[in-house]
Amino acid sequence: MLSLLSLGLGCEEGKLEKELGGMEELLMQMKINYYPKCPRPDLALGVEAHTDVSSLSFILHNNVPGLQVFYNDKWVTAKLVPDSLIVHVGDTLEILSNGAYKSVLHRGLVNKEKVRISWAIFCEPHMEKNVLKPLPELVTDETPAKYPPRTFAQHLQQKLFKKGAQGGGGIKTPDQ
Ligand code: OGA
Ligand code: NI
């Protein structure tokens, strides 16, 4: 997928993988979300609106609807496609692509009748080893860099800080 996404940016196919430190450095982390049944989903918080910090996230679920993405100013419920994985672009790829790939804002709702379980796998760069910044070939006078350089650890720190200060789950850093 990183190869195809590199080609989509007009770069050589190994570009994004290389910039992320290569397959030996990429860390796959799994989180299991358990959403209990809830008689009033409108009053409950499942997973609050956020963007993932990862490069890509892969989500497998138990065929109960609940994932929503923010699209065209509306929350849209993700379709349940049998035998499929859901893939999100995360903050790391938004930064590297200088905003060409958007880190999707999404949330998880509880369901009235059924327990929902999802297995989310986050593909993340090394905390310190790589500096995440827009690929130089995408930065021009007309398209200046939209994101200041940062390590993954710094990105997590800045996002946490921003969340505490403003309650937002977005990607932009305090100095933008
Ligand atoms: C997450 C997430 C969505 C889901 O864990 O980051 O967005 O479908 N989960 O449970
Ligand atoms: Ni998420």
Side-chain angles (χ1 to χ4, degrees), residues 1-2 4-5 8 16 20-21 25-97 99-127 130 132 146-147 150-174 176:
M1 288 196 73
L2 289 176
L4 291 172
L5 290 168
L16 285 171
L20 293 167
E25 293 294 347
L26 282 165
L27 182 67
M28 304 293 262
Q29 301 221 67
M30 186 173 79
K31 178 175 123 197
I32 303 175
N33 297 296
Y34 181 91
Y35 303 86
K37 274 192 277 190
C38 174
R40 291 291 304 272
D42 53 317
L43 296 180
L45 196 64
V47 172
E48 66 170 334
H50 66 282
T51 61
D52 292 348
V53 291
S54 61
S55 54
L56 292 170
S57 307
F58 302 88
I59 297 171
L60 185 68
H61 54 73
N62 66 338
N63 286 311
V64 175
L67 174 66
Q68 293 193 320
V69 294
F70 199 65
Y71 182 69
N72 280 346
D73 293 329
K74 280 199 292 281
W75 285 108
V76 180
T77 302
K79 276 191 196 139
L80 302 176
V81 180
D83 302 321
S84 71
L85 283 173
I86 292 169
V87 183
H88 287 167
V89 165
D91 297 350
T92 298
L93 281 191
E94 178 168 329
I95 294 166
L96 263 52
S97 70
Y101 296 137
K102 297 273 179 290
S103 187
V104 64
L105 186 66
H106 57 282
R107 66 183 185 183
L109 302 183
V110 285
N111 189 279
K112 224 173 172 158
E113 282 113 33
K114 290 181 186 153
V115 164
R116 178 167 188 271
I117 302 176
S118 71
W119 293 261
I121 309 229
F122 305 103
C123 178
E124 297 180 351
H126 189 278
M127 280 287 176
N130 314 92
L132 308 173
K146 291 186 188 162
Y147 310 89
R150 71 201 79 176
T151 61
F152 190 59
Q154 286 168 336
H155 180 63
L156 297 182
Q157 190 62 38
Q158 287 163 357
K159 201 165 177 181
L160 215 63
F161 166 73
K162 191 195 164 213
K163 198 174 164 187
Q166 299 165 19
I171 173 181
K172 288 204 172 62
T173 52
Q176 285 183 305

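Everything numeric here is computed off the predicted structure, so don't read it as measured data. One-based numbering, in listed order, for ligands and for the atoms of each.
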J.: Side-chain contact, heavy-atom cut-off 4.5 Å: Ile117 with Val115?
T.: yes

J.: Specify the closest pair of heavy atoms between Met1 and Val87, including all atoms of both residues, with the distance to one decimal.
T.: CE-CG1, 3.8 Å

J.: Using atom types as modelled, flag every donor-acceptor pair under 3.5 Å from a side chain in residues 70-84 to any protein atom, sequence neighbours excluded.
T.:
unit_1	atom_1	unit_2	atom_2	d
Thr77	OG1	Gln68	NE2	3.0
Ser84	OG	Val81	O	2.6

J.: Against heavy atoms of Leu67, which atoms of ligand 1 measure under 4.0 Å?
T.: 3 (C), 8 (O)

J.: For His88, is at least one N or O under 3.5 Å away from an N or O on ligand 1?
T.: no

J.: Listed by chain and number, what are the salt bridge (Lys or Arg N to Asp or Glu O under 4.0 Å) partners of Asp42, not counting sequence neighbours?
T.: Arg40

J.: Under 4.5 Å between any side-chain heavy atoms of Leu20 and Leu2, yes or no?
T.: yes

J.: Only counting residues at least two apart or in another chain, list the ones meeting ring pair (Phe, Tyr, Trp, His ring centres under 6.0 Å) with His88.
T.: His106

J.: Can a non-hydrogen atom of Arg107 be found less than 4.0 Å from any atom of ligand 1?
T.: no

J.: Pick one of side chain, backbone, both or neither for how Ile86 approaches ligand 1, counting any non-hydrogen atom pair under 4.0 Å.
T.: neither

J.: Would you name the heavy atoms of Gly99 and Lys146 that are closest together and state the gap between them?
T.: CA-NZ, 4.3 Å

J.: Output the list of atoms in ligand 1 that are nearer than 4.0 Å to some heavy atom of Lys31, sorted by atom number.
T.: 1 (C), 5 (O), 6 (O)

J.: Heavy-atom contact under 4.0 Å between His106 and ligand 1?
T.: yes

J.: With atoms numbered from 1 as shown, which atoms in ligand 1 lie under 4.0 angstrom from a non-hydrogen atom of Tyr35?
T.: 3 (C), 4 (C), 9 (N), 10 (O)

J.: So Phe152 and Asn130, side-chain contact (heavy atoms from CB on, under 4.5 Å) or not? Walk me through it.
T.: CA-CA 8 Å; Phe152 190 59; Asn130 314 92; over 6 Å; no

J.: Suppose we measure from atom 9 (N) of ligand 1 to each protein heavy atom; which comes out shortest, and what is that distance?
T.: Asn33 ND2, 3.5 Å

J.: Run the numbers on Leu16 and Leu96 for side-chain contact (heavy atoms from CB on, under 4.5 Å), then give the verdict.
T.: CA-CA 8 Å; Leu16 285 171; Leu96 263 52; 3.8 Å; yes

J.: Going by the atom numbers of ligand 1, which of them fall below 4.0 Å from some non-hydrogen atom of Arg116?
T.: 4 (C), 8 (O), 10 (O)

J.: Any idea which atoms of ligand 1 are less than 4.0 Å away from a heavy-atom of His50?
T.: 1 (C), 2 (C), 6 (O), 7 (O)

J.: More than 12 heavy atoms of other residues, nucleotides or ligands under 6.0 Å from CD of Gln157: is that the case?
T.: no

J.: Do you know how many protein N, O or S atoms are within a distance smaller than 2.8 Å of the Ni ion (ligand 2)?
T.: 3

J.: Verify whether one side chain among Thr51 and Lys102 offers a donor that lies under 3.5 Å from an acceptor in the other.
T.: no

J.: Quick check on contacts: which atoms of ligand 1 are under 4.0 angstrom from a heavy atom of Phe122?
T.: 1 (C), 5 (O), 6 (O)

J.: Distance-only, no hydrogens or angles: does the Glu124 side chain make a donor-acceptor pair with backbone N or O of Ser54 under 3.5 Å?
T.: no

J.: Which atoms of ligand 1 are found less than 4.0 Å from any heavy atom of Asp52?
T.: 6 (O)

J.: Measuring from non-hydrogen atoms of Ser118 to any atom of ligand 1, is the shortest distance under 4.0 Å?
T.: yes

